[in-house]
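Reading through the structure tokens given below for one structure.
Not measured: the values here are computed from a predicted model. FYI, the numbering just counts along the sequence from 1.
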Amino acid sequence: MFASEAPDRFQLLYFTLQLLRDGTSISDELSTRLQDLATQTRHRVLDLRCQMPDARNPDWQIIRTSHASALIDSQASALSNLRPAPWILTAPDRTLCWDGQEYRFGPGLEKDIADPAELIATVREIATAGADNAWWDGIAPVRLHPVASEIGSSTSLASLRGQAIDCQMCDLCGPAIRTVSGEGDPEARIIFVGEQPGDQEDLQGRPFVGPAGQLFDRALKEAGGNRTEAWITNAVKHFKFVPRGKRRIHQKPDSTEMAACAPWLAAERKVLAPKVTVMLGVTGASAVLGRHVTVSRERSRHIPLEDGSIGLVTVHPSYLLRLPDEESKTREYTKFVTDLRMAISALAG
């Protein structure tokens, strides 16, 4: 309701609560009106989230919007999960700042400050800690909790990213810090599908940034590819782990978790319509092909996919990190680079 600007929204809400309290049925007209408000709220929330910049830039990002302060404040926590790096969001009557650790918010700025350093200094000067403000505590968050049918109807990668931060489609959302969506070139013709985020991915909110991701970047560059021209994602969007002291030990996702995440991957591939899909490891391959895959049996060959595009199965780069000796690592790394080169060559075919 906070995200709606309908003048009678609170009257409708209180009236509905009174009907429910008295055991009176809700009329079709009132039900339709409430559903319209809910749809309006959802669209406004997604629009706000879609304005957030890409998580790859670690520097301060400045976002200017015309959305109302109540909507902005209700989404503060969600926006930090969408972009864990620092940002400032300014609107006519609200300035919200996330420095990577805590929220600070203050009134709207009286003038448009173009210089980022000056804007950051100004916000820090006028802002007060949100956690200590009683009015802040009264803001009810507007959540999305997407369902499969809504995910499938998404028409943009930004919309998918905005919806995904409140994903509760499986139990992995509880222990994980955040949903880790795909990233890269929205016009990419090649997509790489891994297994799931790891520890560093969960902390940073980006796919393939840990040790396996660094190895992947090196191999892709050696194969003649460029990460900035590709789309990088995972079959499962939350980090599955078991705590062991201060460490979080990776656990392989099961079929239930893969099925729960399937709509996200399907929607990504539908929006991107890539020419080539590279499946990194068993989980990524099984998620794309919809069946169990033995990597050694189906590796290094073109596989026709249902949408008419080309698929190619190879190992996950984490496999290379687990090899016991340097000779095996060198041999398998060379084969991995060859697979990536084959996938890149398929783009020109």
If you round to the nearest 0.5 Å, how far is [atom2] of [Y] from [atom1] of [X]?
X: Arg227; Y: Asp217; atom1: CZ; atom2: CG; value: 4.5 Å
X: Leu157; Y: Leu272; atom1: CG; atom2: CG; value: 4.5 Å
X: Met279; Y: His316; atom1: CE; atom2: NE2; value: 14.0 Å
X: Thr233; Y: Glu268; atom1: OG1; atom2: CD; value: 3.5 Å
X: Leu30; Y: Leu19; atom1: CG; atom2: CG; value: 6.5 Å
X: His238; Y: Cys170; atom1: NE2; atom2: SG; value: 7.0 Å

Single-linkage hydrophobic cluster, 4.5 Å side-chain cutoff, [X] and [Y] together:
X: Leu289; Y: Val236; answer: no
X: Leu321; Y: Leu340; answer: yes
X: Val337; Y: Leu320; answer: yes
X: Phe239; Y: Trp264; answer: no
X: Ile165; Y: Met169; answer: no

Quick one: does [X]'s side chain get under 4.5 Å of [Y]'s, heavy atoms only?
X: Ile249; Y: Arg247; value: yes
X: Trp60; Y: Asp99; value: yes
X: Thr277; Y: Val193; value: yes
X: Thr338; Y: Ser300; value: no
X: Leu20; Y: Ile26; value: yes
X: Tyr333; Y: Arg218; value: yes

Donor-acceptor contact below 3.5 Å, side chain [X] vs main chain [Y]:
X: Thr314; Y: Asp339; result: no
X: Ser156; Y: Ser159; result: yes
X: Thr65; Y: His67; result: yes
X: Ser286; Y: Arg291; result: yes
X: Arg49; Y: Gly162; result: yes
X: Arg94; Y: Leu71; result: no
X: His302; Y: Leu312; result: no

Can [X] and [Y] be counted as an ion pair, charged N to O under 4.0 angstrom?
X: Glu201; Y: Lys237; value: no
X: Glu332; Y: Arg299; value: yes
X: Glu195; Y: Lys252; value: yes
X: Lys270; Y: Asp307; value: no
X: Lys240; Y: Glu257; value: yes

Test: Arg331 cationic atom under 6.0 Å from Phe336 six-membered ring centre, within 45° of axis: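 No cation-pi geometry.
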For the residue pair [Y] / [X], report whether a side-chain donor-acceptor contact shorter than 3.5 Å exists.
X: Thr39; Y: Asp36; answer: no
X: Asn226; Y: Thr228; answer: yes
X: Thr283; Y: Gln196; answer: no
X: Arg42; Y: Gln163; answer: yes
X: Arg341; Y: Ser345; answer: no

Phe192 ring center within less than 6.0 Å of Phe216 ring center: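 For Phe216 and Phe192, the ring centres are under 6.0 Å apart.
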Considering non-hydrogen atoms only, spot the tightest contact between [X] and [Y] and give its length.
X: Pro146; Y: Ile151; answer: CB-CG1, 4.1 Å
X: Pro317; Y: Leu215; answer: CB-CD2, 3.9 Å
X: Pro84; Y: Arg178; answer: CB-NH2, 3.5 Å
X: Leu265; Y: Ala235; answer: CD2-CA, 4.4 Å
X: Ile191; Y: Pro274; answer: CG2-CG, 3.5 Å
X: Ile177; Y: Leu203; answer: CD1-CD2, 3.4 Å

Leu280/Val315 under side chain to side chain contact (heavy atoms under 4.5 Å, CB included): CA gap, chis, key distance, verdict: CA-CA 5 Å; Leu280 304 170; Val315 297; over 6 Å; no
Trace of the side chain to side chain contact (heavy atoms under 4.5 Å, CB included) decision for Ile310 with Leu305: CA-CA 6 Å; Ile310 300 170; Leu305 301 180; over 6 Å; no
Worked check of salt bridge (Lys or Arg N to Asp or Glu O under 4.0 Å) between Arg248 and Asp202: CA-CA 11 Å; Arg248 300 189 298 173; Asp202 189 41; 2.8 Å; yes
side-chain hydrogen bond (donor to acceptor under 3.5 Å, both in side chains) partners of Gln35, counting only residues at least two apart: Ser31
Candidate list Arg189, Lys275, Arg269, test side chain to side chain contact (heavy atoms under 4.5 Å, CB included), partner Ser309, passing option: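 Only one of Arg189, Lys275, Arg269 forms a side chain to side chain contact (heavy atoms under 4.5 Å, CB included) with Ser309, namely Arg269.
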Sole candidate of Ile88, Ile72, Ile63 that passes side chain to side chain contact (heavy atoms under 4.5 Å, CB included) when paired with Leu96: Ile72
Heavy-atom neighbours of Asp28 CG exceed 12 at 6.0 Å: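 Counting neighbours around CG of Asp28, 12 or fewer heavy atoms of other residues, nucleotides or ligands fall under 6.0 Å, so no.
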Asp254 atom CG: more than 12 heavy-atom contacts under 6.0 Å: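 Yes, the 6.0 Å shell around CG holds more than 12 heavy atoms from other groups.
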Intermediate values then yes/no, side chain to side chain contact (heavy atoms under 4.5 Å, CB included), Leu220 and Ile344: CA-CA 9 Å; Leu220 182 62; Ile344 293 168; 4.0 Å; yes
Side chain to side chain contact (heavy atoms under 4.5 Å, CB included) between Leu89 and Leu79, worked out: CA-CA 10 Å; Leu89 190 148; Leu79 292 174; 4.2 Å; yes
